[in-house]
Amino acid sequence: MAARCGGMWRLPRCPLLIRTVPAARRTGSERRLSSKPQTPQICIVGSGPAGFYTAQHLLKHHTQAVVDIYEKLPVPFGLVRFGVAPDHPEVKNVINTFTQTARSERCNFIGNVTVGADVTVEELQRAYHAVVLSYGAEDKRELGIPGEQLQGVYSARDFVGWYNGLPDNRHLFPDLSSETAVILGQGNVALDIARMLLSPLELLRKTDVTEPSLEALSQSRVKKVWLIGRRGPLQVAFTIKELREMLNLPGTRPVNDPSDFQGLGDVLKDLPRPRKRLTELLLKSVEPPGEKEAARRAQCQREWGLRFLRSPVAVIPGDDGKRAAGVRLSVTRLEGSGDKAVAVPTGETEDIPCGLILSSIGYRSVPICPDVPFLPKQGIIPNTMGRVHGAPGVQSVSFSDWEKIDAVETAQGEKVGKPREKILDTEEMLQVASR
């Protein structure tokens, strides 16, 4: 039911459950001793898009369900608030829908509560019929190369959190004194960061970018941004919308190498439509510009470019040994084709001098609680179709369920002239009860 790091437990409908965390409007965890059908009490951990979409689905399709959404921050909406680029307000409009969900009488937002610290998953399991984990991927992926900890090297997660006002990143203070920045990665987040570094201030002032970030960007000396990918143009992870925004960004020009795109026109007809349109736009970006576009580019003070078949192997330290002065890249070649193509080192290397390096190679999840299974290498909770592996699910039996068992036992007894033939296996009893 949730995103990559997600799962659900089915919990027993206990006669009496006392919730350990107070709610604003109702406790939702006290249940009377009764065999009548219980109101489903669902707990969702995480108030980002996955959490709210899950809540919407539950409230729409289970008309008696009551949903509590737990969030470790005092504010909701997760990546919509802290991950979407400030200059993409149309994406943030989904907050309006989420707000309507949160205002439902059957939905309760519980902020400033950290599951795993303030309340355990085990306690939530005892208090709810089901627990849905949708707390997302809140950690950065490490590059695993020498020099990664040098000053001037930042993760995309931290940098995006900084300009979007994530409390954990408010003291980041990135050094923007270098004229050249290198972004390791070619996804949408990488293009978001490049756009933030190169956008005219008058555009950013109209957004919800934080004031400290806006002040720092106003002092930025960054004039060139390279986006590095270990594979080729056919494997870029950004979408056509983000590419078009970069190509049309005022005051900037693309500096892509036409030789990187040779032969792509021959394979266009065999590409899926989204990849075909994206590749066509990439090819157009390296065509000789018309007179008007050439004049515009000549006036630009900032530039950006895509570098392909390059993989970082080290961050080069400066003379003081503390700050980054460049990045060393391994030149790669592709084995295979399409999305399954694998980058293989050729043995050659290339150095790019720069003082700002941003790693945009994806996020990873972290364990939420010791009693929840977690695969640290993959950074996920093991699950099958959202069902957490190794987590108990308890099937409760109501009196009407017992009557199903009674009917079967009586029928079996009549066949042999007895008042009943008792079912001896509990699993068989549960199967009968669930019919």
Side-chain angles (χ1 to χ4, degrees), residues 139-163 166 168-187 189-199 201 210 212-230 251-257 260 300-332 343 345-364:
D139 199 9
K140 59 189 176 185
R141 289 188 179 276
E142 302 287 344
L143 289 168
I145 61 176
E148 185 174 3
Q149 305 305 319
L150 290 173
Q151 298 175 24
V153 182
Y154 309 94
S155 71
R157 180 199 178 279
D158 292 346
F159 194 77
V160 170
W162 168 70
Y163 64 66
L166 184 64
D168 287 348
N169 302 126
R170 66 188 184 279
H171 300 307
L172 187 67
F173 303 125
D175 186 345
L176 306 178
S177 61
S178 173
E179 291 193 358
T180 301
V182 167
I183 302 175
L184 303 172
Q186 293 181 340
V189 174
L191 261 64
D192 283 347
I193 293 173
R195 206 172 58 254
M196 291 297 296
L197 288 171
L198 298 176
S199 287
L201 284 176
T210 64
S213 302
L214 189 61
E215 175 61 25
L217 290 168
S218 72
Q219 305 297 321
S220 172
R221 297 179 58 190
V222 176
K223 294 183 178 180
K224 176 182 288 188
V225 175
W226 290 112
L227 296 105
I228 310 299
R230 57 190 173 86
T252 69
R253 60 175 174 262
V255 287
N256 294 321
D257 186 349
D260 287 336
C300 294
Q301 300 297 313
R302 298 179 176 185
E303 57 188 18
W304 64 277
L306 300 165
R307 300 296 302 275
F308 301 106
L309 301 175
R310 301 290 189 273
S311 181
V313 292
V315 176
I316 304 170
D319 295 335
D320 63 359
K322 298 179 180 179
R323 291 196 48 78
V327 60
R328 179 157 297 152
L329 305 172
S330 169
V331 180
T332 63
T346 64
E348 300 178 42
T349 60
E350 174 186 314
D351 293 349
I352 298 182
C354 60
L356 177 61
I357 300 168
L358 295 136
S359 170
S360 184
I361 57 173
Y363 297 359
R364 67 187 303 275

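- The shortest side-chain heavy-atom distance between R307 and L329 does not fall under the 4.5 Å cut-off.
- Scanning for side chain to side chain contact (heavy atoms under 4.5 Å, CB included) contacts around S213 gives W162, Y163, V209, T210, with sequence neighbours left out.
- When the side-chain hydrogen bond (donor to acceptor under 3.5 Å, both in side chains) test is applied to R328, the partners found at least two apart in sequence or on another chain are D351.
- L306 is not listed as a side-chain neighbour of D260, based on a closest heavy-atom distance of 4.5 Å or more.
- Residues A190 and I183 share a closest heavy-atom pair of O-CD1, 3.5 Å.
- A search for side chain to side chain contact (heavy atoms under 4.5 Å, CB included) contacts involving E348 returns V331, T346, not counting sequence neighbours.
- Identified under the salt bridge (charged side-chain N to carboxylate O under 4.0 Å, His left out) test for residues 145-159, with sequence neighbours left out: K140-D158.
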Would you list the atom pairs, donor with acceptor, under 3.5 Å between side chains in residues 310-322 and any protein atom, with sequence neighbours excluded?
residue	atom	partner	partner atom	Å
R310	NE	E350	OE1	3.0
R310	NH1	F308	O	3.2
R310	NH2	E350	OE1	3.2
D320	OD1	K322	N	2.9
D320	OD1	R323	N	3.2

Let me check something: any side-chain donor-acceptor pairs from residues 216-229 under 3.5 Å, sequence neighbours excluded? List them with distances.
residue	atom	partner	partner atom	Å
S218	OG	E215	O	2.5
S220	OG	V222	N	3.1
K224	NZ	E303	OE2	3.0

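- Looking only at distances, a side-chain donor or acceptor of Y154 sits under 3.5 Å from a matching main-chain atom of D175.
- Within the 4.5 Å cutoff, side-chain heavy atoms of L358 are placed close to those of L197.
- Between C354 and V182, the shortest heavy-atom distance links the atoms SG-CG2, 3.6 Å.
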